[in-house]
Amino acid sequence: MPIQIHDTLTGGKHELTPLRPGQVGLYACGPTVYDLSHLGHARCYVVWDVVVRHLRARGLAVKYVRNFTDVDDKIIKRAGERGEDPVALAARFADEFHRDMDALGCLRPDVEPRVSGHIPEIVALIAALVEKGFAYAPGNGDVYFSVRRFPEYGRLSGRNLDDLLAGARVAPGEAKRDPLDFALWKGAKPGEPRWPSPWGDGRPGWHIECSAMTRKHLGDTFDLHTGGKDLVFPHHTNEIAQSVCACGDGQHAESYARAWLHNGFVEIDDEKMSKSLGNFFTVRQVLERYEAEGLRLFLLGTHYRRDFNFSDTVLSEAERRLGYLYETLEKADRVAAGAAPAPAQGGKVPADGGAAPDGGLVERCRAALDDDFNTPQVLGLLAEAFTAANALCDLKGKKTPEQRERLAAFARDARRLGETRGLLQRAPGETLRALRDRAAGRRGLDTAAVEARLAERQAARKARDFARSDAIRDELLAQGVAIMDGPEGTSWKVL
RNA sequence: GGCGCUGUAGCCAAGCUGGUAAGGCAGCAGACUGCAAAUCUGCCAUCCCCCGGUUCGAAUCCGGGCAGCGCCUCCA
């Protein structure tokens, strides 16, 4: 079964056919590091992380490149406000970015190039464009790309030049021959970081850095280029123009990246989460309140191309769901090991002694990811397997060796499937305690106080004073604490 | 104005290279429980924004609307 991807360039799904069989070059547009990362970053990098993991699981050798944009107007502005060196400020926030992505369980890319480390490559690329007549230096220190020299300009974003003309504007001091032309190199202004170039001291324009870095690390033509859908225009549109003209065939977008993946937005109340709207949450803020793995599960609950709303409600739902998954895993481990027979419970059980957490699960999940990385579908498939596993665990009586083996297989499959999604890799017991304490914290509950009340209730139960025992339970329940009396004692969790 | 995306049960969300609606949350009933919680079982969209069309057959294809959002300025 081939891997199908939705390609923005063609607007449809098609088979992923690597340029070099068995190998995939993937470039993810990285963050501009001038502040802490927000949920939008979390969303896309978790998604690309799953893409990389899945392609690797399918036997492809993926070279994963993700840049840091560390030379940029916003960085310079922020650094100026703080009296800090721009490159140093960017380096600091790159470290913070790593901390967030590590917490979210994202694998580090194979290469993480920075603009500041690729100035010679950028200058060379611009020089090539000037030499070939695709770019010009009007003498004010800037270099511009001649949009009209590239016949396919705007193809990725479905724009034509006349449409664009209406919205085009030229900033004061620019010397564009055509309002649609864009800067490849910007002449240095006082106080800005600067590097020498044939056109005078200056710094790269916004788009050229990605063209230079993909070329250096993945070659002139490579397989997949990813980013947020807000980058389709102008960033990716301009990247294609530069790269195709400098080192491609000068005609076709495919001679740069062969396919483009774009992710949808994280929204708040149906509006795009963005800094300019001020309606954003940093990853840090969210992780103060929720387990990172819960956030990850939440982010994978919607297909990557779609927008979705962020809310406390849905996020806590995801975290509770994560708790269910780990509880099931813990139970399956325990029963499979033959320890502590499951509580004598359970309703109707199918004639075969419980639906098998079946052998087709792994294959079906793989097929779902093969189809344009359909993570929500995988979660649905997982749900059915977990229900079946629970049913098997809850069967009355001692488990047969076959049943135990089936549960062991389930736990194995679940963990293996989780690995490709970056989920379910932790020890269940410890994770469940962490989830519980998080939830307790959000409710403003004091763990020690709850434990104390629980001890009182145990004493009451021992004395068969059920009235008192129930009163305590109801009181705790009113606070959102659910008590579970089981064969191995009493545990609790936060609803 | 141009381009694009989305519209599926109370809510979240798959399906959309056509064949008679995954999954989750909430809700209801049942099993289990001293009572609960958890877990499991059953129920829960004659219908997929609206109107036409193609077809033996459409949530899925085509045409026309309506609504929301996004890009066209920095942005994942």
Side-chain angles (χ1 to χ4, degrees), chain A residues 4 8 11-13 28-32 37-45 47-48 72-74 77 154 157-160 162-169 171 206 226-235 237 262-267 270-277 280 298 301-303 305-309 311 313-314 316-318 320-321 324 327-328 331 342-350 354 368 371 374-384 387-388 390-396 461 464 466-467 469-470 473-474 476-477 481-486 490-493 495:
Chain A
Q4 300 282 323
T8 309
K13 260 193 235 178
C29 255
T32 300
S37 51
H38 60 247
L39 280 179
H41 298 112
R43 205 272 241 254
C44 72
Y45 299 121
V47 164
W48 308 142
D72 164 89
D73 290 346
K74 292 189 294 299
K77 181 161 177 277
S157 41
R159 319 289 170 108
N160 65 56
D162 296 329
D163 294 339
L164 285 166
L165 210 46
R169 60 186 204 192
W206 176 28
T226 71
K229 68 177 186 180
D230 48 354
L231 297 180
V232 173
F233 186 89
H235 185 53
T237 297
H262 287 102
N263 64 276
F265 296 133
V266 177
E267 306 184 320
D270 293 313
E271 283 195 322
K272 176 184 174 182
M273 178 184 292
S274 73
K275 302 226 164 158
S276 44
L277 288 173
F280 68 95
F298 165 74
T302 304
H303 184 85
R305 297 207 303 125
R306 271 184 66 154
D307 299 338
F308 71 89
N309 269 297
S311 70
T313 320
V314 191
S316 12
E317 198 178 282
R320 280 211 310 278
R321 188 70 192 155
Y324 166 85
E327 273 177 35
T328 306
K331 195 154 67 166
Q345 290 180 357
K348 257 182 288 174
V349 169
D371 186 9
N374 195 332
T375 53
Q377 193 170 72
V378 169
L379 264 25
L381 293 168
L382 236 34
E384 294 173 24
T387 299
N390 261 309
L392 193 49
C393 287
D394 287 356
L395 278 178
K396 285 185 195 238
R461 288 185 81 208
R464 301 199 65 78
F466 290 122
S469 157
D470 288 355
R473 191 195 61 219
D474 292 343
L476 288 172
L477 193 58
V481 175
I483 293 167
M484 286 90 75
D485 292 328
T490 298
S491 60
W492 63 282
K493 68 177 184 180
L495 294 179

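For clarity, every value in this text was computed on a predicted model and none was experimentally measured. A note on names: the letters A, B, ... follow the listed sequences, proteins ahead of strands, and every chain is numbered from 1.
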(message) With rounding to the closest Å, how many angstrom separate the P atoms on B/rG23 and B/rU41?
(response) 11 Å

(request) Applying side chain to side chain contact (heavy atoms under 4.5 Å, CB included), name anything that partners A/His38, two or more places apart in sequence or on another chain. (result) A/His41, A/Lys275, A/Phe280

(request) Scan A/Asn160 against the nucleic acid and name what it touches under 4.0 Å (heavy atoms): base, sugar-phosphate only, or nothing. (result) nothing

(message) Check this for me: does the side-chain of A/Arg159 come within 3.5 Å of the base of B/rC71 through a donor and an acceptor?
(response) yes

(request) Using the P atom as the reference point in each nucleotide, state the distance between B/rG68 and B/rC56 in Å, no decimals. (result) 38 Å

(request) Please measure how far the P atom in B/rA13 lies from the corresponding atom in B/rG24, and state the result in whole Å. (result) 16 Å

(message) Are A/Val232 and A/His262 packed together at the side-chain level, in the sense that at least one heavy-atom pair is separated by less than 4.5 angstrom?
(response) yes

(request) Provide the distance between the two C1' atoms, one in B/rC50 and one in B/rA67, to the nearest whole Å. (result) 10 Å

(request) Please work out if A/Lys74 contacts a base, only the sugar-phosphate, or nothing of the nucleic acid, heavy-atom cut-off 4.0 Å. (result) sugar-phosphate

(message) Looking only at the side chain of A/Lys272 (C-beta and beyond, no hydrogens), which of the listed nucleotides B/rA13, B/rA38, B/rG70 gets closest?
(response) B/rG70

(request) Identify, between A/Gly380 and A/Gly264, the residue whose nearest nucleotide on RNA chain B lies closer to the 5' end. (result) A/Gly380

(request) Select base, sugar-phosphate, or nothing to describe what A/Asp270 touches, counting heavy atoms under 4.0 Å on all strands. (result) sugar-phosphate

(message) If I pick the P atom on B/rC25 and the same atom on B/rC66, what distance separates them, to the nearest angstrom?
(response) 39 Å

(request) Select from A/Leu39 and A/Gln4 the residue whose nearest nucleotide in RNA chain B is closer to the 5' end of that strand. (result) A/Gln4

